[in-house]
Amino acid sequence: MTATLIKGTEIREQILEEITEEVKQIKEKHGVVPGLVTILVGENPASISYVTLKIKTAHRVGFKEIQDSQSVDISEADLLALIDKYNKDDSINGILVQLPLPKHIDEKKVLNAIDPDKDVDGFHPVNVGRLMIGGKEVKFPPCTPFGIQEMIVRAGVETSGAEVVVVGRSNIVGKPIANMMVQKGPGANATVTIVHTRTKDLAAHCKRADILIVAAGVPDLVKPEWIKPGACVIDVGVNRVGEKVSEKTGKKVAILKGDVDFDAAKEIAGYITPVPGGVGPMTITMLMLNTLKSLKFKLGLM
Ligand code: GUN
């Protein structure tokens, strides 16, 4: 059996087209477009490339976009003042502070300073609480779990009553996706287990999963014999396991591997996400959706 691939690259295109269309309609009717500011502190190369892609995507879907780059030695107080400025700016619906921040800045303090109604990353404790309550309380699910749920739904995988096993308990992926899948509502209503480094028999739990979501950060952690035949396998792992020269550009690029032994797993699973090209492209896509939602909340359209 060969699994159906759930391709994030294709789903991203569908969603970005839907967002572009909705932005056009809102602009015609209400004369406004969603505004997203990304705040980048310092010159971490990975952060620069993430932020550049976020801004490029925001531009593509018709948002007002601002890239606010700050020196690595900006003081915490100045950064907090900058966030306050964007909190008060009516044309801005989403504020994203790219992480990690330099060591002299308290990350928690900064994230907590963002207006929860503009926190399109979904990292503010108010939004974590809203997610826990579920239903209409939820404003901004964090982007990676939001993307995972969307992929499962768009692939047509039944979640109601399904056994979902989440490998990993991070605040950014494991805990929120588990919380989302257990809620009442479409794309959820699942029976959820979270497993982690202290779990006694990882394999036994994984073998029960109708939907297996792996966000452990360990290359090839999940073996093919841990997968229930026909299961939906979502691999969130992006592990750099070496370098190669790109055939396209001639430049050195990272060799990426997921947390699941893909080649073997695809012969057993019913659905599987590749790495790269699976969950990865969904994160920025859902950031765009959260920013659009933020404007729609403000206009009373949601
Ligand atoms: N750094 C790496 N991933 C992310 C993300 O999703 N949001 C923010 N703000 N910073 C990040």
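When a ligand or atom number is given, it counts from 1 through the structure's own listing order.
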Could you pull out, from Gln98, Met286, Lys54, the option with a heavy atom nearest to atom 2 (C) of ligand 1? Gln98

I'd like the name of whichever of Asn44, Val51, Leu99 reaches closest to atom 10 (N) of ligand 1 through any heavy atom. Leu99

Check ligand 1 against Phe123 and write out every atom of the ligand that is under 4.0 Å from a heavy-atom position of the residue. 7 (N)

Do the numbers put Lys139 on top of the ring of Phe297, so that NZ or CZ is under 6.0 Å from the six-membered ring centre and no more than 45° off the axis? yes

Does the side chain to side chain contact (heavy atoms under 4.5 Å, CB included) test come out yes or no for Thr9 and Arg12, once each step is laid out? CA-CA 5 Å; Thr9 43; Arg12 168 183 61 194; 3.8 Å; yes

Please report whether ligand 1 has a polar contact with Asp121, defined as an N or O pair separated by less than 3.5 Å (distance criterion only). yes

I'd like to check which ligand 1 atoms, numbered from 1 as shown, lie under 4.0 Å from a non-hydrogen atom of Val97. 8 (C), 9 (N)

Without swapping roles, check the side chain of Asp115 against the backbone of Asp117 for a donor-acceptor pair under 3.5 Å. yes

Any chance you could lay out the side chain to side chain contact (heavy atoms under 4.5 Å, CB included) test for Leu289 and Phe146, step after step, and finish with the verdict? CA-CA 10 Å; Leu289 194 54; Phe146 194 10; 3.9 Å; yes

Identify whether Leu79 and Ile95 are in the same connected component of the hydrophobic contact network (ILVMFWY, side-chain heavy atoms under 4.5 Å). yes

